[in-house]
Number of protein chains: 2
Amino acid sequence: MAEASADRGRTTRQRLLGAAAALIAEVGWGGVSTRMVAERAGVAPGVVHYHFASLPDLLITASTGVARAMLEELTGRLAEQPDPETGVEWLLGELSRYTGTDPASLLIVEMYLAAARLPELRDLLHEIVADSRTQIASWLRDRGHAGDTEATAAVLVAAVDGLVLHRGLDPGLDLTALAGPLRAMVRTDGHEEGSET
Amino acid sequence: MAEASADRGRTTRQRLLGAAAALIAEVGWGGVSTRMVAERAGVAPGVVHYHFASLPDLLITASTGVARAMLEELTGRLAEQPDPETGVEWLLGELSRYTGTDPASLLIVEMYLAAARLPELRDLLHEIVADSRTQIASWLRDRGHAGDTEATAAVLVAAVDGLVLHRGLDPGLDLTALAGPLRAMVRTDGHEEGSET
DNA sequence: GATCGACTTGGACGACTGCCCAGAAGCCTA
DNA sequence: TAGGCTTCTGGGCAGTCGTCCAAGTCGATC
């Protein structure tokens, strides 16, 4: 059933996805055109609409793949840390690799933004973020965090995204100096949460 | 010296800025065109380039004005809260008014994103965010927060931006349920920060 | 009323866009 | 080798874009 043909198509499709992801990070969701993607992938302009129904279709497929891989790797390795306080310190060190203006950071922010206007993308991204949140919450619970682990995980993920955002404004922002407040949040001897008000 | 003429010009300029801010929130930084702005402002297409050197020039001027007003109002009213723990609860209630996909939320995210690629905008936005951070830090210090107030303020502002981002993905996210972790972070009896490691 | 400068108008320019499609090329089965 | 299917090519379409500019309108000054 046309195996080599299908293979040829698959690699072209993959090249298009890679080129699209790179371009989204470079020039933004709104700055990517079909011709730019085709040129970077080394194919004719028309081939984009052979493999994808439309430009948004291509961009959604390209960026969700990258985002899922990034977030899953980050939360997976966070869960390997022995305890929450060590975990957030490791996390800040890891985040320090992102400048806020590098392709990976920009791709994430671009996605959040595009998601606000594209319901299809929003649902996909929401699923990815919710998965991370659940995974972190259960890791906190396993490690003896006494408070509301769901809420703590939600704030932690939000803080991470916010810090990536702020690094874009101030590349000199020292993330490792922020360990104190985050440690206070994930500390295992919570003596109030979940029982007051 | 043509006072009424100058006045006429000023109102047109202001109308252009208002129309631009609204459009950025609606269709995104990359989706705004000179013709759209002119039409919404009720003027001829060419008038945009009479008042502004270029389209980016107009967009930068429009969005920084709105962002400064928003952030200054939020941090100003936060600083009026009696103590940090009450403060973060008030803050979460305030943030609940934003759906994450409303014009105000989108304008903020759009700005962060555009700032990553426009140095001029980045510097302006950095200044605004740094001001808020300083103000919150000194408020924490005045209210007896024992830890690293600079770091706590930085994480707090980051968490706020991150939560606005996440509300865009999940409008059902209950922000008030996240008070616990944030209270733990700003609690005034910090018994470790600033002295370990 | 004449004159001047600030402001506005709306059409024009070339460049770029997403999408389309007829035809060519490649590969597989028979 | 012949036929058929998948994939690729590159030009074409109608539309929008940012920017520009000659001509026009307006209010203030003399």
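Both backbone and side-chain heavy atoms feed into the values below; hydrogens, waters and symmetry mates do not.
B/Leu23 places its CG atom 16 Å from the P atom of D/dT16, with the value rounded to the nearest Å. Regarding B/Phe52, its CZ atom lies at a distance of 16 Å from the C1' atom of D/dT19, rounded to whole Å. Taking atom CD of A/Glu39 as the reference point, atom P of C/dG18 lies 13 Å away to the nearest angstrom. When rounded to the nearest whole Å, the span between NE2 of B/His51 and C1' of C/dT9 equals 12 Å. Taking atom CE on B/Met36 and atom P on D/dG15, their separation rounds to 18 Å, with Å as the unit. Atom CG of A/Leu16 and atom C1' of C/dG18 are 15 Å apart (whole Å).
Mapping B/Pro45 and A/Gly31 onto DNA chain C via the closest heavy atom, the residue that lands nearer the 5' end is B/Pro45. Of the two residues near DNA chain C, A/Arg35 and B/Gly42, the one whose nearest nucleotide lies more 5' is B/Gly42.
In the model, A/Thr12 has no side-chain atom that pairs as donor or acceptor with a side-chain atom of A/His51 under 3.5 Å. Under the 3.5 Å distance criterion, with hydrogens and angles disregarded, a donor-acceptor pair is assigned to the side chains of B/Ser105 and B/Asp102. Under the 3.5 Å distance criterion, with hydrogens and angles disregarded, no donor-acceptor pair is assigned to the side chains of B/Ser54 and B/Asp57.
Residue B/Tyr50 places its side chain closer to C/dA6 than to any other of D/dC8, C/dA6, D/dG18. Which of D/dG18, C/dT8, C/dG18 sits closest to the side chain of A/Leu55 comes down to C/dG18. Each of D/dG18, C/dT8, D/dG10 was ranked by its minimum atom distance to the side chain of B/Thr34; first place goes to D/dG18. Considering only the side chain of A/Ser54, C/dC19 comes nearest among D/dT19, C/dC19, C/dT17.
Of the side-chain N and O atoms in B/Ser33, none sit less than 4.0 angstrom from OP1 or OP2 of D/dT16. Listed pair A/His49 / D/dC8 fails the phosphate criterion, with no side-chain N or O lying under 4.0 Å from OP1 or OP2. Residue A/Thr12 places at least one side-chain N or O closer than 4.0 Å to OP1 or OP2 of D/dC8.
For the atom pair CG of B/Leu95 and OG1 of B/Thr176, the computed distance is 11.0 Å after rounding to the nearest 0.5 Å.
Considering only heavy atoms from C-beta on, B/Phe52 comes within 4.5 Å of B/Leu17 through its side chain.
B/Val32 comes within 4.0 angstrom of sugar-phosphate atoms only, judged by non-hydrogen atoms across all strands, and of no base. Nucleic acid contact for A/Val48: none, since no nucleic acid atom lies under 4.0 Å from a heavy atom of the residue.
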